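Down below is the structure, laid out as structure tokens.
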Amino acid sequence: MIRQQLLDAVRTALADLGVDPVPEGVGLERPARREHGDWSTNAALACAKVAKRNPRELGQALLDHLAAAPPPHVERLELAGPGFVNFHLAPTWLHDVLTDVITQGEPSYGRSDIGAGRSVNIEFVSANPTGPIHAGGGRWGAYGDSLARVMERCGYKVHREFYVNDRGVQSRLFGASLAAARDGEPAPDNGYLGQYITDWAAEMPADADPTAWGIQRSLRDARDVLAAMHVEYDTWSSEAALTETGAPEAVLAELRARGQIYEADGATWLRSSNFGDDKDRPLVKSDGEYTYALPDIAYHLDKYRRGDHLIDILGADHHGYAPRMRAALQAMGRDADTYEVIIGQNVKLLRDGQELKLSKRAGTMVEIRDLIDEVGPDVARFAYLLQSIDSGQTIDIDVLRAQAAENPVYYVQYANARIHSIAREAATRGIERRPLAQVDLAPLVAERELELLRQLELLPETVELACAERAPHKITTWVRELAGAFHGFYRDCPILRSDVPPDLQQARLWLAEGVRIGLAVGLDLLGVSAPEQM
RNA sequence: GCCCUCGUAGCUCAGUGGAUAGAGCGUCGGUUUCCUAAACCGUGCGUCGCAGGUUCAAUUCCUGCCGAGGGCGCCA
């Protein structure tokens, strides 16, 4: 808002100075250093070349034009450094921010319509139903769900989906492993070995089909544990069910009709190299069995019924799979841009300083359930969302377990708890917060107060950036900074103390409410709770 | 060999085409008559992997190299 007003003023001034058209890259930024003002423009630097003037001189001319008709809230302008024009604004611009936060409230502040109601289908986790989900999978759960929340807040219609790979070799091996354990026989070659196989085999009714029962057991486990970390899906898609409808054959026929298929060495191949893949890929093996890819292609085509844009969240160990799927979808006439793959780097778990290997088949794994049971869903989710999905992540379970100080989620939740504590104490003392319209925010001028307002002002663009860059961890960073600013404010700016003037007290009560809204929005986007007491 | 991601403080990681690169942890020291000390303040901490290039400006973009992880299956 203020940003647009300042930018418009800059553009108008540039036009008056004969800079036309305005080159790319002219913009407003927030200076890294306080003394450089609230906003700054690089216009003189970026336009110097086309204007054929030196940046300082052009900057001075720009400044003079701006000073002749200053935009709202502008207190002082200065020319600085190589040619920046810095805007020093009156605190009133931040008071407007607070009014905005409060009037929009939790439902609307930081909401955007960049999604414009477009539908998107996000598939994530999709762990094979051959056992419990390991703690590495928790990263995709936290990431996928938070990305979905962020995209929803940006106006996308989001469909969350889990693909159940419940047919094929791995399912059979899993069933055979359960059967062997039940019958006291050794596990089959390449079978599953974990302790859970023994435990589950003991639960299994004598007359159960081990494969079917095992898959249902795995799914129940996955559903429960994901729900425990506040991850809920709209659709669980069964590969077996889709295969029974004949979808793979239909895809095969369509690809054949489009001339994208050939037979060689007894197998059936997709001409994926026509669409940028390294080589052609088999869809039907020489033994007549489908490869993993064929039903998966049918599945992806099916997903378009539940979203115009597909997002797959895959671990780095599956990234080679993306080009062939994209090629297959293109071969079926889909636009490559509608298929997006996000590659997440893998998680390393540490306990007692030792790395824990996450292998389901070898049975040396840490389940998400173990992690959630040990530290709770909030700590786990926050930890998963602390870092960029592009970075490999090391989670030290001992550090997570330590409640004090080392857990950043408590730092944020504690800020929220303090705000609620103030509200409780105010009620006890009979202090009421008057309606915003009757409260003057002008007393909010302390650096601690302004810092909080500056941070609140960043939320809308942070949400949009997190959405556009598929980077929900930016919300984590933002909410940590807001909490940090609040703790400093809390320390230095008493609200209920008897020596605080009433008008300042009222303004601070509203400031605390604004922060509460910001924390609530941010934590909700992360899928982390905001307890009122700790 | 080819492809993807990463390389920033002692550790774990943010961050950015701009003016003196940040946080937490860890070190050392300090802060509480009234809203929760799960907090705050101070202190120290850097060839932003290396070398070129583009640019008024590069830690950020491009290229090459080095290092780490992952992938290159008629497995999923």
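We name chains A, B, ... by the order of the sequence lines, and we start the count at 1 in each one. Given the structure is predicted, the values throughout are model-derived calculations rather than measurements. Reckoned from all heavy atoms, side chains included, excluding hydrogens, waters and symmetry mates.
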Heavy atoms under 4.0 Å, any strand shown: does [X] hit a base, just sugar-phosphate, or nothing?
{"X": "A:Pro494", "value": "base"}
{"X": "A:Arg429", "value": "sugar-phosphate"}
{"X": "A:Gln533", "value": "base"}
{"X": "A:Pro323", "value": "nothing"}
{"X": "A:Ala293", "value": "nothing"}
{"X": "A:Thr268", "value": "nothing"}
{"X": "A:Arg34", "value": "nothing"}
{"X": "A:Thr394", "value": "sugar-phosphate"}

| Start at the 5' end of RNA chain B and walk down; is the nucleotide closest to A:Asn86 or to A:Arg491 reached first? | A:Asn86
| remark: By nearest-heavy-atom nucleotide on RNA chain B, the more 5' of A:Pro282 and A:Glu35 is A:Glu35
Which nucleotide sits closest to the side chain of [X]: [options]?
{"X": "A:Asp317", "options": "B:rC75, B:rC35, B:rG70", "result": "B:rG70"}
{"X": "A:Tyr321", "options": "B:rA76, B:rA19, B:rA14", "result": "B:rA76"}
{"X": "A:His36", "options": "B:rC35, B:rA19, B:rA38", "result": "B:rA19"}
{"X": "A:Tyr292", "options": "B:rU55, B:rA76, B:rA19", "result": "B:rA76"}
{"X": "A:Arg448", "options": "B:rC40, B:rC35, B:rC72", "result": "B:rC40"}
{"X": "A:His487", "options": "B:rA76, B:rC40, B:rC35", "result": "B:rC40"}
{"X": "A:Thr291", "options": "B:rC72, B:rA76, B:rC34", "result": "B:rA76"}
{"X": "A:Ala80", "options": "B:rA14, B:rC72, B:rA19", "result": "B:rA19"}
{"X": "A:Phe84", "options": "B:rA19, B:rC35, B:rU20", "result": "B:rA19"}

Base-pairing mate for [N] - Watson-Crick or G-U, with both contacts under 3.5 Å:
{"N": "B:rC13", "answer": "B:rG22"}
{"N": "B:rC48", "answer": "none"}
{"N": "B:rA39", "answer": "B:rU31"}
{"N": "B:rG73", "answer": "none"}
{"N": "B:rA68", "answer": "B:rU5"}

Given the [atom1] atoms of [N] and [M], what is the spacing between them in whole Å?
{"N": "B:rC4", "M": "B:rC13", "atom1": "P", "result": "23 Å"}
{"N": "B:rG24", "M": "B:rC40", "atom1": "P", "result": "8 Å"}
{"N": "B:rU47", "M": "B:rA21", "atom1": "C1'", "result": "14 Å"}
{"N": "B:rC3", "M": "B:rC56", "atom1": "C1'", "result": "37 Å"}
{"N": "B:rG71", "M": "B:rC50", "atom1": "P", "result": "29 Å"}
{"N": "B:rC62", "M": "B:rU55", "atom1": "C1'", "result": "12 Å"}
{"N": "B:rA76", "M": "B:rG67", "atom1": "C1'", "result": "31 Å"}
{"N": "B:rC48", "M": "B:rU43", "atom1": "P", "result": "23 Å"}

Phosphate-side-chain proximity, [X] and [N], N/O vs OP1/OP2 below 4.0 Å:
{"X": "A:Tyr411", "N": "B:rC40", "answer": "yes"}
{"X": "A:Arg418", "N": "B:rA37", "answer": "yes"}
{"X": "A:Thr428", "N": "B:rC35", "answer": "no"}
{"X": "A:Lys285", "N": "B:rG73", "answer": "no"}

| task | Please confirm whether any donor atom in the side chain of A:His473 sits under 3.5 Å from an acceptor in the base of B:rA14, or the reverse. | result | no
In this structure, how many angstroms lie between the [atom2] atom of [N] and the [atom1] atom of [X], rounded?
{"X": "A:Asn407", "N": "B:rA39", "atom1": "CG", "atom2": "C1'", "result": "15 Å"}
{"X": "A:Glu24", "N": "B:rC56", "atom1": "CD", "atom2": "P", "result": "16 Å"}
{"X": "A:Phe382", "N": "B:rC13", "atom1": "CZ", "atom2": "P", "result": "16 Å"}
{"X": "A:Met534", "N": "B:rC35", "atom1": "CE", "atom2": "P", "result": "18 Å"}
{"X": "A:Gln393", "N": "B:rG70", "atom1": "CD", "atom2": "P", "result": "16 Å"}
{"X": "A:Asp499", "N": "B:rC34", "atom1": "CG", "atom2": "C1'", "result": "9 Å"}
{"X": "A:Leu458", "N": "B:rA23", "atom1": "CG", "atom2": "P", "result": "16 Å"}
{"X": "A:Leu496", "N": "B:rU32", "atom1": "CG", "atom2": "P", "result": "20 Å"}

Using distance alone, with no hydrogens and no angle criterion, decide if [X] and [Y] have a side-chain donor and acceptor under 3.5 Å apart.
{"X": "A:Asp312", "Y": "A:Tyr339", "result": "yes"}
{"X": "A:Asn86", "Y": "A:Ser40", "result": "yes"}
{"X": "A:Tyr292", "Y": "A:Gln170", "result": "no"}

| request: Determine the interplanar angle of the A:Tyr262 and A:Trp269 rings, folded into 0 to 90°, and report it as parallel if under 30°, tilted if 30 to 60°, perpendicular if over 60°. | output: parallel
| said: Please verify the inter-ring angle class for A:Trp236 with A:Phe162; under 30° counts as parallel, over 60° as perpendicular, anything in between as tilted. | reply: parallel
| query | Between A:Leu400, A:Val399, A:Thr394, which is the residue that forms a side chain to side chain contact (heavy atoms under 4.5 Å, CB included) with A:Asp396? | reply | A:Val399
| Under 4.0 Å protein heavy-atom contact, by nucleotide of nucleotides 1-10 of chain B - B base, S sugar-phosphate only | --BSSS----
| request: List the steps and the verdict of side-chain hydrogen bond (donor to acceptor under 3.5 Å, both in side chains) for A:Thr268 and A:Glu263. | output: CA-CA 5 Å; A:Thr268 303; A:Glu263 317 286 336; 2.9 Å; yes
| Can you tell me if A:Gln505 uses its side chain to pair, donor with acceptor, with the backbone of A:Ile495 under 3.5 Å? | yes
| field | Lys NZ or Arg CZ of A:Arg3 over A:Trp39 ring: under 6.0 Å, within 45° | value | no
| request: Would you kindly check if the NZ (Lys) or CZ (Arg) of A:Arg418 is within the cone defined by 45 degrees around the ring axis of A:Tyr490 and under 6.0 Å from the six-membered ring centre? | output: yes
| Nearest 0.5 Å, what's the OH-CG distance between A:Tyr384 and A:Leu526? | 15.0 Å
| Under 4.0 Å between a Lys/Arg side-chain N and an Asp/Glu carboxylate O for A:Arg167 and A:Glu289? | yes
| Has A:His318 got its ring stacked on the base of B:rA76, with centres under 5.5 Å and planes less than 30° apart? | yes
